[in-house]
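Before any comments, here is the structure.
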Amino acid sequence: MININKNESLGIKNQPFVRKRNIKKIPFIEFHKNKLQGVVSSGSSIERVYVCVINFEDKTYTCHTNNNRPCGGLRGKMCSHLSKLLMTARSEEKLSKKVDISSTYSFVPNGSARYSEVFSRFQTKLKFLEIPDPKDIHIPEIRWFLSK
Amino acid sequence: MENKEMNYYKLSEELDEISKIINNMSDLFFSGFSKLINKDKEILDKVIEGFSQSPIREVVQKGLQNLKKSVFNEDDFTALTIAVLTLQGSFHDALYDNVENLIGIKVNELIDSENKIDFNDYEKDTVVILSNIRNWLISIAIGGFNDLTSDSLESFEQVLDTIETIPDLNRLSVLLRGMTSEFLDVLSTDVDDKSKLQLRWMDLWVRAYVLTLKKRVSINSRPISGKLKLISIQNHIHRHFMTIIFNGILENKKEKIYVEVELSKYLADLVPIQEFWTLFNQDYQDFFDALNKSIVIDIIKGELRDNSILNIEEYKLSGDTFNLLEYLKSAFKNNSLKSMKIQPIDRHTVHFKIPILVDRKNVKEKILEIGEHKIPLKYYNQLSIKKQQIQLEDKIFGEIRFDNGWYCKPLTVLGPQVVYCSSIKSDGKESLVYPVLKERSSKILRR
């Protein structure tokens, strides 16, 4: 019987995989218009999620609940949700190139971020998972895009 | 790095000349047609000259002369697109015809489709959307990369949201999504990525432009059945779409054909990359089993399409298994494999692939030696090689490809064990990604 995936013993090994994001804890994260933004699940209530935005342009951050209330953890410093967002960005290959975490220590709170935009972008992306697989469509164009 | 690779072999003078013109045109696209300097105009003159004996010389000449004078009509960009596609197609064909002389590898015999279908016009409603897309493409070709902004790309993405729902525009939508996504990535990262994009800008632009002009109602094909043995796996991914390609050999009483089975999914970039495999594994378990356990698949009803894509309509996993190493050795022994022809629109070196089975001993320092010829090996998919240990291996199955230079893409390493050069990370569990994301997003909707 042929063994599969014994890469290490063959001398071929996978490069260290970046840590797998727990989608239950961080369902959505992206870097958009110079902002690291996303949705972070509450650690204490299953009914609550937080919308976090770290703006690298005006060097501000904010965190609100799904009921549009400011996060209680924001007391002049980043709350645990924002920290989780930053840590996740650091471990995601694509985001880590764009986000300079060390610069965020000097950032200040700001209550005027546009949460609805983050909600809407999450919804739009989620929509793609609802499109049925294109079973009978041959798309040669995909070959222009590299394997990961 | 590229220069080093170019030293491994030499193109003929004629091929080298076409390659240079294509690269010059690529630079010109990247800098933008509103910024042409004398040197750029000379390149356009060279292209016009190259078409002097061609039936489309008048169209190309008129279009390119207008571009030189900064007259930017849609027809002129259409002429430019035709010129670039023709140049790239000629380069592709010349390479294919000369591959044995160039690198000493015999190519598969090419077979043709039985059912040929031409390109048709789009529906009236779609034509308006496509005209807008064409205008956007023209505007970025005029301005070039330096005039491109994240804002303009993001506003264009709203148009893409519309075309995603139109089945006729699947190919265009996948291409444009991937293209804008790459542009956005480059705009928000460092300079190094910019140089990578410079090589692809024209390729992606031209393909997108031509797909706004005509559609193909179906693709060329021929009906087929037989025994399919899967031998490797590859994947292609962009922001909203992913394709897994199983490479295999389809065998019946008449012939042995090198085929690709494509399985695709729309996937948002909110799904962690490691989840992709689980999602695919969940839906296409039989194919993963057939590959991992070397099980023969009985293709009861299938359709062989352009560029050897096998569309499977009816199949069953047979109880038979095979020894992959021995099977490949016999399949490649007398070079009797066949492939399907590639259609004119896809005649570009990105689609160029020649399956090859080589002895491991011919690979030294990531260089494949074929007689006097040396070709670099390029491993993808998060793999690296420990030189001293890979020497234990016996054979490498891969594909010879061309991307500004020949290279070999290893797909399966065969020896005491088999390694697929692809990051198969599925643990076989059912993916909960969609239900979890849906549930989390529903919290937001309760606001």
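Below, chains carry the letters A, B, ... as their sequence lines are ordered, and counting in each starts from 1. This is a predicted model, so every value here is computed, not measured.
- Of the two parts of Glu260(B), only the side chain, counted from C-beta on, holds a non-hydrogen atom closer than 4.5 Å to a non-hydrogen atom of chain A.
- The salt bridge (charged side-chain N to carboxylate O under 4.0 Å, His left out) contacts involving residues 23-33 of chain A comprise Glu30(A)-Arg121(A), Glu30(A)-Lys125(A), Lys33(A)-Glu154(B), where partners must be two or more places apart or lie in separate chains.
- Not counting sequence neighbours, Tyr61(A) has no partner by the ring-ring contact (aromatic ring centres under 6.0 Å, His included) test.
- Between Phe128(A) and Phe241(B), a ring centre-to-centre spacing not shorter than 6.0 Å is recorded.
- Put simply, the side chain of Val40(A) does not reach to within 4.5 Å of the side chain of Arg440(B), judged on heavy atoms.
- Contact annotation for Val436(B): only side-chain heavy atoms (C-beta onward) come within less than 4.5 Å of a heavy atom of chain A.
- If you tally non-hydrogen atom pairs under 4.5 Å between each of Glu439(B), His348(B), Lys438(B), Glu182(B) and chain A, the highest count goes to His348(B).
- Contacts of Ile245(B) with chain A are made by side-chain atoms alone, with heavy-atom separations under 4.5 Å and no backbone atom involved.
- More than 12 heavy-atom neighbours from other residues, nucleotides or ligands sit within 6.0 angstrom of CD on Glu130(A).
- If you measure heavy-atom distances from Phe280(B) to chain A, you find no contacts under 4.5 Å at all.
- Thr60(A) and Asp58(A) share a side-chain donor-acceptor pair at under 3.5 Å.
- With a 4.5 angstrom heavy-atom cutoff, Ser150(B) does not touch chain A via any of its atoms.
- Chosen from Asn307(B), Asp203(B), Asp283(B), the residue pairing most often with chain A at heavy-atom distances under 4.5 Å is Asp203(B).
- For chain A, the nearby part of Ile309(B) is the side chain; its heavy atoms alone come within less than 4.5 Å.
- With a threshold of 4.5 angstrom between heavy atoms, Ile46(A) approaches chain B through its backbone and through its side chain.
- In terms of non-hydrogen atom pairs under 4.5 Å with chain A, the most contact-rich of Ser181(B), Ala208(B), Ser264(B) is Ser264(B).
- Chosen from Met242(B), Arg200(B), Glu313(B), the residue pairing most often with chain A at heavy-atom distances under 4.5 Å is Arg200(B).
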